[in-house]
**Q** 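Mind having a look at this structure? Questions to follow.
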Amino acid sequence: MRRFHAMGMAMSDMGKCANCARAMAGPEQKFCPACGQPTPAHRIDWHFLGHELEHSVLHMDRGVLYTLKRLMLRPGLLIRDYIEGRRAGIVKPLLLIMMTGAAATVMAHYALDGDALGASLTAGMEAGAGHQSDMNAKQAEAMARMGKVFGVVKDWMNRHLTLITLLLLPVQAAAFKLTFRRFKQINYPEWLVITSFLMAQLFVVWTVFMPLQRWWSDAQAVMVLVAVLLNVFSLTQVFPGYSRWKAFLRGAAGWAIVQVVLIVATLIGAIVLGVLVGSGRIQLPG
């Protein structure tokens, strides 16, 4: 009890920083010059939580909605501002990608019963299974087993969507650094930041289109097209004075590299899982 009482006294002490106890110059000083702590530190109550919600989420001139608005309407300018140091009011890209990824995961859970990837990953296997009459028994059994393997892979990817996205960030950043290699002034960490904004943008588009997939069979294909075009358009805004068509083609080439890497990684994972299943080391459900 004494500890909480003392903490409350520290928060109400207008003359000192609650974090490092440095003396403040006066009430007009809003931040501690030693540690950057806002001063004075206010006690957490309903007013404090409402203020935090308003200023960090709902404000249209800073915070989450402000960042998302610029990310969808003027994405290249937002990215360029952040890279060049004009970061006031912009949510940090890693936090933004975690928030939008969580929103996409929640939307997939309620709108698609957790199947964010849809049937595209297993469509080929299911189509092949539909022609089992043209195969011998051994081929039909192998095709059915591979269909189950790809189903397991898809279920795992659905459950770890945000993790997969984070793992793809370095790959996508490397792909864009390769295709935009003439812009040597942008280093790899900065490409990681650019890619994080682009991935958050993709999650927003994904979240909007997912509910439509229940009634519109082509919604997923349109969503992918819109997301890729928006990503590539964003990159054309990042480089002022450079030909937009050239930037567009370089961005599209970067996306193509990422898709090839993702397809190869998925196939390798499915093959390894198939070998383990065939050897009896792993049993597939159902």
Side-chain angles (χ1 to χ4, degrees), residues 68 71-73 75-76 79 93 96-127 150-151 153-176 178-180 194-238 244-245 247-270:
L68 290 177
L71 184 63
M72 303 310 292
L73 299 180
I79 293 171
L96 188 66
I97 196 174
M98 297 296 287
M99 294 174 66
T100 53
T105 302
V106 171
M107 180 61 74
H109 176 76
Y110 287 103
L112 301 175
D113 299 323
D115 188 11
L117 298 177
S120 59
L121 192 63
T122 56
M125 286 294 158
E126 291 172 355
F150 271 90
V153 172
K154 187 187 77 167
D155 290 342
W156 185 89
M157 292 175 70
N158 274 319
R159 291 195 303 271
H160 301 87
L161 186 61
T162 304
L163 173 63
I164 293 170
T165 302
L166 292 175
L167 292 176
L168 277 177
L169 279 179
V171 177
Q172 190 166 3
F176 285 138
L178 175 64
T179 56
F180 286 89
I194 294 171
T195 305
S196 296
F197 279 120
L198 296 180
M199 196 62 73
Q201 192 181 64
L202 184 148
F203 275 137
V204 172
V205 175
W206 208 343
T207 302
V208 170
F209 271 84
M210 270 192 281
L212 302 178
Q213 293 185 41
R214 285 186 176 272
W215 305 282
W216 186 19
S217 59
D218 295 327
Q220 188 177 37
V222 174
M223 180 274 297
V224 172
L225 180 62
V226 170
V228 172
L229 289 177
L230 188 57
N231 270 192
V232 176
F233 169 74
S234 303
L235 289 171
T236 66
Q237 291 186 337
V238 174
R244 292 206 168 189
W245 276 111
F248 186 91
L249 292 175
R250 290 178 184 273
W255 253 105
I257 292 173
V258 173
Q259 293 308 303
V260 170
V261 171
L262 180 58
I263 290 171
V264 170
T266 303
L267 287 175
I268 290 175

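By convention here, the first residue in the shown sequence is residue 1.
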**Q** Determine the interplanar angle of the W206 and F203 rings, folded into 0 to 90°, and report it as parallel if under 30°, tilted if 30 to 60°, perpendicular if over 60°.
**A**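 Parallel.
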
**Q** Decide yes or no for V205 and M72: does some side-chain heavy atom of the first lie under 4.5 Å from some side-chain heavy atom of the second?
**A**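 Yes; the side chains approach each other to less than 4.5 Å.
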
**Q** Please enumerate all residues that pass ring-ring contact (aromatic ring centres under 6.0 Å, His included) together with F180, with sequence neighbours excluded.
**A**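 F180 satisfies ring-ring contact (aromatic ring centres under 6.0 Å, His included) with W191, F239 once adjacent residues are dropped.
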
**Q** Side chains of residues 222-235: which donor-acceptor pairs under 3.5 Å do they make with residues two or more places apart or in other chains?
**A**
unit_1, atom_1, unit_2, atom_2, d
N231, OD1, W255, NE1, 3.2
N231, ND2, L198, O, 3.2
N231, ND2, Q201, OE1, 2.6
S234, OG, Q201, OE1, 3.3
S234, OG, Q201, NE2, 3.0
S234, OG, L230, O, 2.7

**Q** Show the nearest heavy-atom pair for residues Q237 and G76, with the distance to one decimal.
**A**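 The pair with the smallest heavy-atom distance is OE1-N, 2.8 Å.
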
**Q** List the atom of R250, the atom of T179, and the distance in Å for their closest heavy-atom pair.
**A**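 Looking at all heavy atoms of both residues, the shortest contact is NH1-O, 2.6 Å.
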
**Q** Report the residues that fulfil side-chain contact (heavy atoms from CB on, under 4.5 Å) with L212, sequence neighbours left out, ordered by chain and then residue number.
**A**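 L212 satisfies side-chain contact (heavy atoms from CB on, under 4.5 Å) with F209, W216, A219 once adjacent residues are dropped.
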
**Q** Check side-chain contact (heavy atoms from CB on, under 4.5 Å) between I263 and all other residues, then give those that pass, not counting sequence neighbours.
**A**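 By the side-chain contact (heavy atoms from CB on, under 4.5 Å) rule, I263 matches L267.
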
**Q** F176 and G251: which non-hydrogen atoms are nearest, and at how many Å?
**A**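 Taking every non-hydrogen atom into account, CE2-O, 3.4 Å.
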
**Q** Would you list the atom pairs, donor with acceptor, under 3.5 Å between side chains in residues 168-175 and any protein atom, with sequence neighbours excluded?
**A**
none

**Q** P211 and M107: which non-hydrogen atoms are nearest, and at how many Å?
**A**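 Heavy atoms of P211 and M107 come nearest at CG-SD, 3.6 Å.
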
**Q** Which atom pair, heavy atoms only, marks the closest approach of L68 to L96?
**A**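 Smallest interatomic distance, heavy atoms only, reads CD2-CD1, 3.9 Å.
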
